[in-house]
> 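Below: one structure in structure tokens.
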Amino acid sequence: MGNFRQIAGMFRSWRVAAPVVLALAVIISATGLAVYTNTTLIGVRKGLPVQVLLQERDMVVVSQGFTELLLNTAEIRDNPTPEAIDEALALLTSVKVRVAEMRGTYNFDNLVGASAMHALVNPALLDIERWLTEGLNGLPPTSPIVLDLVDRRARDTGASIRDLMNESLETAHVLLSAQERKLDRFRDSMVGLLALIGVIAVGAIAFIAHYLSERHKVETILRAAKEEAEEANRAKTLFLAQMSHELRTPLNAIIGFSEILKDEMFGKIGAERYAEYASDIHQSGAHLLSLINDLLDLAKVEAGKLELVEEVVAVAHLMAETVRLVRDKADKGGVAITVEREPSIERIFADRRALRQVLLNLLSNAVKFTPRGGAVSISARYDNAGGIAVAVRDTGIGIAPEDIQTALTPFGQIESGWSRRYEGTGLGLPLAKSLVEMHGGTLEIASEKGVGTLVTIHLPRHRIIATPETAEANQRVAIA
């Protein structure tokens, strides 16, 4: 049942459904064409013989008309009355009508008898009609000379009609034989064409069936691989979370004791070098703890176990705090930092620790990848949707557009001379992006090699704690 549903789901894709429908349409069309062709052939085979028989019947009728005319001519000799002549003329009229009907009924391309009949009989009918009506050279229609002429013309025409009937039958036989051969060739051609269409349609259906089978196998393999990857990712996330907790405890001890030694809280420790070593131990431990915290946070985000602790956050204080944490590193690197904020943006409802982590990661990256003499700025303003846009801009080495996606991937690092000068795990931007998205916002990067980078986080409008100044600013944004 599951396989049937899967195959049914495949058919919902137009890439699969379209060829199947096309193949079925070809088969149905070919079947319909075969039925129509067979019906047409039967009709044609029957049609021409029937037409020939009808023509021959009409030719016999015309011949009989001339035979009756001969009989009437004999009666006129014995009884030369106007009534007898009128009867003969009426007979002529009926024969003339039949000949005209033949000419309009039959296809002269195939049945030449009807056309020849009209050419032969019509002049004879006109002559006989004129002689029986007007006479000839002053002789009346009842004159024996006129009647002999009528009799002779009728006999000659009747004999010609019989000859024409024989010739017409021979011609019809030739035409029927030729038509039969043409129909046989046409039938054979159609059978071959329909067979080819059938083979193509069956082949297409077989190909589609094979394609569906292979696709099912591939999807099964991919699904299994996806499940394995997800399981491996869950195991990795669990391992990172557990190891991070395990590492934090001894690290906190190392950091705490090294700070005691560095600050000589219980008295002098002797040689000056010991103090330097203690300071190095403290800095290294703090850096390692920061990396572990990032790993732990990212593992919690991926596992869906990181929960936001939302509170009222003063935007100006949050920006000042994060700038203060990177100011010392910026001063040592010769990088100037500036802060800008729209005055009406005062407070938001968010997770203070998460946003502090986001801004700290963005500012640390900006300072790290900006050479001496460069500048970094952080600003807060309203975006086009009425929310808040916090932007961190630098004049550093920049990122190529095709590498931005790599920078947003966990542990993704872009190879460059500047990036290799500094330590890093590649977790800063991915973690920042995840934390911003947990707030319902987005993180955007615009960068150019050798020019600098602009990272903007957008927080939704409902995160802003409204004040009269906020309402007025939002109104200005809406009007703009």
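Values below: all heavy atoms of this structure, side chains included; hydrogens, waters and symmetry mates excluded. Here the structure is a predicted model, which is why all the values come from computation and not from measurement.
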> Looking at Glu321 and Arg352, is there a salt bridge between them, counting it only when a charged N and a carboxylate O are closer than 4.0 Å?
yes
> Taking only residues two or more places apart in sequence or in another chain, which ones pass side chain to side chain donor-acceptor pair (under 3.5 Å) with His462?
none
> I need the minimum non-hydrogen distance between Asp351 and Val309, along with the two atoms involved.
OD2-N, 2.8 Å
> I need the minimum non-hydrogen distance between Thr395 and Ala375, along with the two atoms involved.
OG1-N, 3.0 Å
> What is the minimum heavy-atom distance between Asp383 and Gly387, and which atoms define it?
OD1-N, 2.7 Å
> If you round to the nearest 0.5 Å, how far is OH of Tyr382 from CD of Glu342?
5.5 Å
> How close do Ala432 and Asn361 get, heavy atom to heavy atom, and via which atoms?
N-ND2, 4.5 Å
> Atom CG in Leu443, atom CG in Leu362: separation rounded to 0.5 Å?
6.0 Å
> Under 3.5 Å, side chain of His439 to main-chain N/O of Leu435, donor-acceptor pair present?
yes
> Mind checking whether Ile221 and Glu219 have side chains closer than 4.5 Å, heavy atoms only?
no
> Identify the heavy atoms of Leu308 and Arg463 that sit nearest to each other, and give their distance.
CD1-NH2, 4.5 Å
> Quick check: closest heavy atoms across Ala350 and Leu355, and the distance to 0.1 Å?
CB-CD1, 3.5 Å
> Under a 4.5 Å cut-off applied to non-hydrogen side-chain atoms, are Leu429 and Ile445 in contact?
yes
> Run the salt-bridge test on Arg341 and Glu346 with the 4.0 Å N-O cut-off and return the result as yes or no.
no
> Whether Asp331 and Arg327 form a salt bridge (side-chain N of Lys/Arg under 4.0 Å from carboxylate O of Asp/Glu) is what I want to check.
no
> Do the charged groups of Glu227 and Arg223 touch, with an N to O distance under 4.0 Å?
no
> Could you pull out all residues at least two apart from Arg381 that satisfy salt bridge (Lys or Arg N to Asp or Glu O under 4.0 Å)?
none
> Nearest 0.5 Å please: distance from the CD atom of Glu340 over to the CD1 atom of Ile378.
10.5 Å
> Could you grab the distance from atom OG1 of Thr442 to atom CD1 of Ile457, nearest 0.5 Å is fine?
9.0 Å
> Return yes if some donor-acceptor pair links the side-chain N/O of Thr370 with the main-chain N/O of Val367 below 3.5 Å, else return no.
no
> So among Ile399, Ile397, Asp394, Val455, which one has a side-chain contact (heavy atoms from CB on, under 4.5 Å) with Ser447?
Ile399
